[in-house]
Amino acid sequence: MSWIREGELTIIERFCGNIIKAGPMPKHVAFIMDGNRRYAQKCHVERQQGHSQGFDKLAQTLRWCLNLGIREVTVYAFSIENFKRSKEEVDGLMDLARQKFSRLLEEQENLKKHGVCIRVLGDLPLLPLDIQELIAQAVLATRNYNKCFLNVCFAYTSRHEISNAVREMAWGVEQGLLEPSDVSESLLDKCLYTSNSPDPDLLIRTSGEVRLSDFLLWQTSHSCLVFQSVLWPEYSFWNLCEAILRFQMNYSALQHLRMWTDSYSFWNN
Amino acid sequence: MSGALGLVWRLLHALLCLQRALLAWLRGRPAGGPRSWLWRRAASAAASCALLAPAAGTFAFRKAGAARRRPGGAAAARQRWRLDGRALQKLPVHMGLVVTEEEPSYADMASLVVWCMAVGISYVSVYDHNGIFKRNNSRLMDEILKRQQELLGLDCSKYTVEFANQDKADQVLNCQSALKVLSPEDGKADIVKAAQNFCQLVAQQRRTYTDLDVNVLDNLLSSTNGFPDPDLVLKFGPVDSTLGFLPWHIRLTEIISLPSHLNISYEDFFSALRHYAACEQRWGK
């Protein structure tokens, strides 16, 4: 199954999409794609099948985002905490990753057509070596595309990411490249895995859970958080529209607050 | 064409704002009275078929039938609240009260803090993105002590709250709850400060960069000294964001939204706790 589902929106979807696009649109949306296992249980299928359906839904959601002009998407695919799951499930997820990243390398034309730049963020050395190689190939192959960006958080937690950024700055100090007084919020931003992306405007978590689970904690401090009860494999275009409407209702308050925070950091850094 | 779509969008948003205002108005109507049943049905119908119906973790309106006066006074209330806390499957150890509204109310925040204490929550933090509570710390403390007297009666020595904003971490004997008042400088700025301190040690060659990991950085943070990570955040107000509240510490925190902290009732507060008690944490497994 491809990384981006082919196909355009239906007439009604396109019409509603156009109405929504009349308002402010998020430029970067982050997804916590939760609910694959509960979906599998609900449909009486294997967990692996649930995860596979979850990937299909990701492909479809990327398509909708492209259609709506949302150019950057970040997804939480695998947390470092998920290594605690049963060996069977972790191996299954690694196999799924192998399959999908291999597939990605096969569909270069499609990615080139849509101009998708793939980035994989996380503590990649924790992954099996062959997956690291596949990821490296995928990232290198798409690094020059710039029509849209897909960031896949894999073997990722936010605390590891922030610690890694501080470690990089400490390395810089050790090497004599930086003074401790150079350490600031904006420098830390530049040392995060997400340094090439703006902060997400909107974070969506499915399946009804109302926590961040160590995902983009630094980057989403002023983002619109939308928690939806739908299970990820059942996510629909209308769920996405609902989340975007919610973003739009929060837009002016968050813009105002973000500007205030930015000027506060500017004067204090 | 785009002009027409823009108009439709404006109409849609106007309807959503109207719906939100209507729900707030229905919610604000006092319970009781001959037609209260009808109003409650109307509110419930409006909430359930509304677009952007309260998503997971949001409470639309208070439970009806809340008695305004409890017989037996402060002693009975204290007893009741303590039992309420014990009746829950789980209670947060550290509760964050995050206000996203522009004008925070000291009296209502004081009530919330006192209820937290009464129900048995050991650590409470209060936050607003403008740092108003922090700047007016003493006013909030006075209000809390006043509410404590009112709600818990004169014999409230068992419920002394430690105001943990001092730099020294003095332990107060017989202390039931500890309170911290936080602002945005306790969030990202504290992480940056910890990073600077570590880099200073590296510059002095007392540490090397490989010494830093998640646990080391966690220990270097000072904004919540002595407090565990929040288990639960009650977020008040219309803004769907944590607005910079302790980004490092809320990695596993349940975030429950309430429409407003103004004139908040104990029933609304307790409903949120009940909702929290029902949440299942899988810890990544």
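By convention in this document, chain letters (A, B, ...) are assigned in the order of the sequence lines, proteins followed by strands, and residues within each chain are numbered from 1.
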Proximal component of [X], with respect to chain B [non-hydrogen, under 4.5 Å]:
X	answer
A/Leu254	side chain
A/Glu89	neither
A/Ser79	neither
A/Asn250	side chain
A/Leu225	both
A/Leu203	neither

For chain B, which residues from residues 158-169 of chain A lie under 4.5 Å away (heavy-atom distances)? A/Arg159, A/His160, A/Ile162, A/Ser163, A/Val166, A/Arg167, A/Met169
Restricting to side-chain contact (heavy atoms from CB on, under 4.5 Å), what partner residues turn up for A/Asn239, sequence neighbours left out? A/Gln228, A/Val230, A/Tyr235, A/Ser236, A/Glu242
Would a line drawn from the ring center of A/Phe31 to the ring center of A/Trp232 be shorter than 6.0 Å? yes
Hey, do the aromatic rings of B/Tyr209 and B/Phe198 have their centres closer than 6.0 Å? no
Picking from B/Val214, B/Val239, B/Val233, which has the most non-hydrogen pairs under 4.5 angstrom with chain A? B/Val214
Using non-hydrogen atoms and a 4.5 Å limit, figure out which bit of B/Thr253 sits close to chain A: side chain, backbone, both or neither. backbone
Considering only heavy atoms, which portion of B/His13 lies under 4.5 Å from any heavy atom of chain A: side chain, backbone, both, or neither? side chain
Could you go step by step and tell me if B/Leu234 and B/Phe269 meet the side chain to side chain contact (heavy atoms under 4.5 Å, CB included) rule? CA-CA 9 Å; B/Leu234 290 193; B/Phe269 164 78; 4.0 Å; yes
